[in-house]
Amino acid sequence: MSNSKPLDAWGRIELRPGDITEFDGDAIVNAANSSLLGGGGVDGAIHRAAGPELLAECRTLGGCPTGQAKITRGYRLRAKFVIHTVGPVYGGGRHGEPELLRSCYECSLRLAVENGVKSIAFPAISCGVYGYPMEEAARIALGTTAEFLTRHGEIERVVFYLFGEQAMSVYSEALSELGGMPGQRA
Ligand code: ADP
């Protein structure tokens with residue numbers, strides 16, 4: 001593919017309220033912890049929906065460092081794959097958290113391309129128990145994704161699943177700040 005002209009990115013990004021386990025595209029991203037052996041929040045919801053086979057496969061992976069990603073099958077989920085990434089725990093923002101968070105999105109998207117994924121859903125990585133301020137995390141999530149999409153036409157759709165009204169409005173604002181279209185609703 002020629003890289004001479006940047007591809008349209010914002011038109012392939014969508015904000016959607018709700019539960020990421022319901023995504024019916026190719027892959028969902030899990031905000032996991034570095035053991036990959038399950039946790040609370042979105043991780044717990046994904047493992048419950050996928051069934052025990054997901055944990056069994058995760059046990060074979062030997063964990064995952066912060067900022068990186070690993071892929072498994074989706075088992076009972078509609079999505080064919082789960083991409084497990086480990087976000088940084090927020091400790092004030094001066095311990096490499098922005099770079100690590102950016103790396104989560106980049107590594108996940110790279111793994112997606114390598115596995116032929118055309119549609120992928122992300123939760124708000126690090127914005128729960130890991131305490132990342134959502135305004136800043138949303139700019140990183142959307143900015144990194146848009147930049148990646150301008151270089152990769154293989155991915156047709158990226159959906160950000162946002163849990164709760166607050167998350168939806170924070171992401172919508174970040175999206176229009178960055179120059180994207182106002183958040184679409186499914
Ligand atoms: P982290 O440990 O990376 O902070 P959490 O799971 O605690 O991960 O939270 C990440 C984000 O996912 C939070 O904004 C939380 O509200 C959201 N979340 C929790 N459950 C779901 C779900 N089923 N679908 C989508 N997002 C979810």
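Everything quoted here is computed from the prediction, not taken from an experiment. Order of listing sets the numbers, starting from 1, for every ligand and every atom in it.
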Taking [atom] as the reference point, the nearest protein heavy atom with its distance:
atom	answer
atom 3 (O) of ligand 1	Ser126 N, 2.9 Å
atom 11 (C) of ligand 1	Ala124 O, 3.3 Å
atom 7 (O) of ligand 1	Val129 N, 2.9 Å
atom 5 (P) of ligand 1	Gly128 CA, 3.9 Å
atom 8 (O) of ligand 1	Ala31 CB, 3.9 Å
atom 27 (C) of ligand 1	Phe163 CG, 3.6 Å
atom 24 (N) of ligand 1	Ile20 N, 3.0 Å
atom 23 (N) of ligand 1	Asp19 OD1, 2.9 Å

> When you check the side-chain N and O atoms of Tyr161 and Glu22, is any donor under 3.5 Å from an acceptor?
Replying inline: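 There is no such pair between these side chains.
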
> Should Leu101 and Val86 be regarded as members of a common hydrophobic cluster, given that ILVMFWY residues are connected when their side-chain heavy atoms come within less than 4.5 Å of each other, either directly or indirectly?
Replying inline: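 Cluster IDs for Leu101 and Val86 differ.
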
> For Ala49 and Arg76, which heavy atoms make the closest approach, and how far apart are they?
Replying inline: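 Residues Ala49 and Arg76, closest heavy atoms: O-CB, 3.4 Å.
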
> Ile83 and Ser108: which non-hydrogen atoms are nearest, and at how many Å?
Replying inline: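 That closest heavy-atom pairing would be CD1-O, 3.6 Å.
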
> Do ligand 1 and Asp43 have nitrogen or oxygen atoms that lie under 3.5 Å from each other?
Replying inline: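 No, Asp43 has no N/O under 3.5 Å of an N/O on ligand 1.
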
>> Any carboxylate oxygen within less than 4.0 angstrom of a Lys/Arg side-chain nitrogen, looking at Glu106 and Arg102?
In response: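 A salt bridge is present here (some side-chain N lies under 4.0 Å from a carboxylate O).
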
> Is it true that Glu14 and Arg157 have a side-chain N and a carboxylate O under 4.0 angstrom from each other?
Replying inline: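 Yes, this pair counts.
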
>> Assess the residue pair Phe160 and Phe122 against the criterion (ring-ring contact (aromatic ring centres under 6.0 Å, His included)); give the C-alpha distance rounded to whole Å, side-chain angles, the decisive distance to 0.1 Å, and a yes or no.
In response: CA-CA 5 Å; Phe160 289 90; Phe122 282 97; 5.7 Å; yes

> Which one of Val89, Leu162, Val42 has a non-hydrogen atom at the shortest distance from atom 12 (O) of ligand 1?
Replying inline: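 Residue with the shortest heavy-atom distance to the ligand atom: Val42.
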
> Which residue, Glu53, Glu57, His47, forms the side-chain hydrogen bond (donor to acceptor under 3.5 Å, both in side chains) with Tyr75?
Replying inline: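 Result for side-chain hydrogen bond (donor to acceptor under 3.5 Å, both in side chains) with Tyr75: Glu57.
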
>> Using a 4.0 Å cut-off to any heavy atom of Ala45, which atoms of ligand 1 qualify?
In response: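 Listed by number with element: 23 (N).
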
> For ligand 1, which atoms, with element, lie under 4.0 Å from some heavy atom of Gly18?
Replying inline: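 The atoms of ligand 1 under 4.0 Å from a heavy atom of Gly18 are 24 (N), 25 (C).
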
